[in-house]
Number of protein chains: 2
Amino acid sequence: MSAASTSSRDRIIEASIAILDGSGEDGLTFRALSERLATGPGAIYWHVPNKGDLLTAACDAIIARAMNAPLVGATPQAIIRTLALGMFDAIDAHPWVGSALTRAPGQLPMVRILERIGRQVSALGVPDEEQWATVGALLNYILGVGAQNAANGQLGRTRGIDRSDFLDAVATTWSQLDPDAYAFTRSMAAHLRGHDDRRDFLAGIDLILSGIEASRRL
Amino acid sequence: MSAASTSSRDRIIEASIAILDGSGEDGLTFRALSERLATGPGAIYWHVPNKGDLLTAACDAIIARAMNAPLVGATPQAIIRTLALGMFDAIDAHPWVGSALTRAPGQLPMVRILERIGRQVSALGVPDEEQWATVGALLNYILGVGAQNAANGQLGRTRGIDRSDFLDAVATTWSQLDPDAYAFTRSMAAHLRGHDDRRDFLAGIDLILSGIEASRRL
DNA sequence: ACCTGAACACCGTTCAAGT
DNA sequence: ACCTGAACACCGTTCAAGT
């Protein structure tokens, strides 16, 4: 627990996060990593078993910070909203976390989120046999948004276009779709441009929360 | 529209689906693909611009079949349930579709789902300015489950363990977590073994649907 | 117009050899 | 105990050359 000392493994993970933030998932390479750490590719394998585990460890470092933030909120609902927003902001700042999360099912990063949200679902009074499905709904929704954010970030980097240019391009494509076959999608093209991701994310959380409350009243 | 003729591109996509189903995402290689098609790797590039687009095209073929199935259901809610289950079953049969979907945001596969679900959300009477967030909640939830299914399938293949062995391993790990720090996760370990993914998936859809209905009543 | 297959510039991972 | 760096077995993609 000596906060001062930093192990080789910690340095590897920190360097990985820096590379992932700067160059995305494709940028994280054992060669790039070893260059940054002024060592050989083989050295890293002494501390980390493979690339998948390295990505999960980097992901876990981010999730741990987000989930250990102090929880303000009077009600379980308010705390769930705070936790969900914490996840959104973490993934927004580190888009690669969104895809890293889904690739490590049942592992530590996911468990941290499961635990935090699960306790609030329990506090909400959801009966035991419904808790798993209820937490799952919240978790999978957060995961879906996260994965989508990750994909957008990745696309933006590889094609060198920023977010609003990308949304513009999608909106244009949508508005040129067949009016009969894609009436709804066309009607959404306009919304696409100006919409606030964070606000929409929270609206989804609120929808699930009110669904939980409605179920409780039956 | 001559259904009898099959273009080279169609043959490439069919072969890709066969490889993806049999060997997973890592198995889809331009070399493996060209071998199956009895041609050279370069030939494929005449019909498909790159691997990403190939994956999206294969994904779209699966999604198109699922979304074009005849819709039975008296109410918009019932139709949404049918559509969602269609997605679940498609991803269950082709796990790679789950991750391919998230990697093609705003593109055709996603638009097909958006359109089908969006129309029902509209039929539900959700006001225009809430439709985007509402469809997004359903879509992102489905996406999250799909991505998780894809990851499970991938993990199962690379580590050569089947689903129930994997769940067993996760349940064992969870039950050995710290009792104070991970009380909720530990209590879920038992549920993990016997749970029915498809039923839980539908429970999540119903939670969102009842959340939508509750919002409408305000 | 479409196909061939060698070649290029990379990967993750291993492993003998060092300190 | 930990690091080095060459080597192995792959990738996606390109492109001159063919038909």
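Below, each value reflects all heavy atoms present in this structure, side chains not excepted, and no hydrogens, waters or symmetry copies. Chain naming here is simple, since letters A, B, ... match the order of the sequence lines and numbering starts at 1 in each.
Formation of a donor-acceptor pair under 3.5 Å by the B:K51 side chain with backbone atoms of B:L28 is found in this model.
Atom pair B:L55:CG and D:dT13:P shows a separation of 12 Å (rounding to whole Å applied). The interatomic distance linking A:R9 (CZ) with D:dC3 (C1') rounds to 18 Å, in whole Å. Rounded to an integer number of Å, the gap from CG of A:L28 to C1' of C:dC11 is 12 Å. Protein atom CD1 of B:I19 is 11 Å distant from nucleotide atom P of D:dC11, rounded to whole Å. As rounded to whole Å, 7 Å separates atom C1' of D:dG12 from atom CZ of B:F30. Remark: P of C:dG12 and CG of A:L33 are 10 Å apart, rounded to the nearest angstrom. For B:L37 and C:dC3, the CG to P distance is 10 Å, given to the nearest whole Å. A:E25 has its CD atom 11 Å from the P atom of C:dG12, to the nearest Å.
For the P atoms, the distance linking D:dA17 with C:dC2 amounts to 22 Å, nearest Å.
Of the two residues near DNA chain D, A:R31 and A:G40, the one whose nearest nucleotide lies more 5' is A:G40.
Residues B:F201 and B:F88 place their aromatic rings such that the two centres sit under 6.0 Å apart.
A tilted orientation is assigned to the rings of B:W174 and A:W132, their planes being inclined by 30° to 60°.
Here the closest non-hydrogen pair linking B:A15 and B:R36 is CB-CD, 3.7 Å.
Using a 4.0 Å cut-off, some side-chain N or O of A:T29 falls inside it from OP1 or OP2 of C:dC11. Phosphate contact (OP1/OP2 of C:dC3, side-chain N/O of B:W46, threshold under 4.0 Å): absent. Taking only side-chain nitrogens and oxygens, A:H47 comes nearer than 4.0 Å to OP1 or OP2 of D:dC3.
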>> Go through it in stages, so that I can follow the logic: the residues are B:R163 and B:D197, the test is salt bridge (Lys or Arg N to Asp or Glu O under 4.0 Å), and I'd like the CA-CA distance, side-chain angles, deciding distance and then a yes or no.
In response: CA-CA 11 Å; B:R163 186 185 150 63; B:D197 262 345; 3.0 Å; yes
> What's the verdict on salt bridge (Lys or Arg N to Asp or Glu O under 4.0 Å) for A:E115 and A:R119, showing C-alpha distance, side-chain angles and the deciding distance?
Replying inline: CA-CA 6 Å; A:E115 181 70 27; A:R119 286 183 183 224; 2.6 Å; yes
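Looking at the side chain of B:S8, the nearest of the listed nucleotides C:dT13, C:dC3, D:dT13 is C:dC3.
In a base pair of the Watson-Crick type (N1 to N3 plus N6-O4 or O6-N4) or a G-U wobble (N1-O2 and O6-N3), with each distance short of 3.5 Å, D:dA1 is matched with C:dT19. Under the Watson-Crick or G-U wobble criterion, with both distances below 3.5 Å, D:dG12 is paired with C:dC8.
Checking A:Q148 against B:T102 by side-chain atom types alone, no donor-acceptor pair falls below 3.5 Å.
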> For every nucleotide of nucleotides 14-19 of chain D, 5' to 3': is a protein heavy atom under 4.0 Å from its base (B), only from its sugar-phosphate (S), or from neither (-)?
Replying inline: BB----
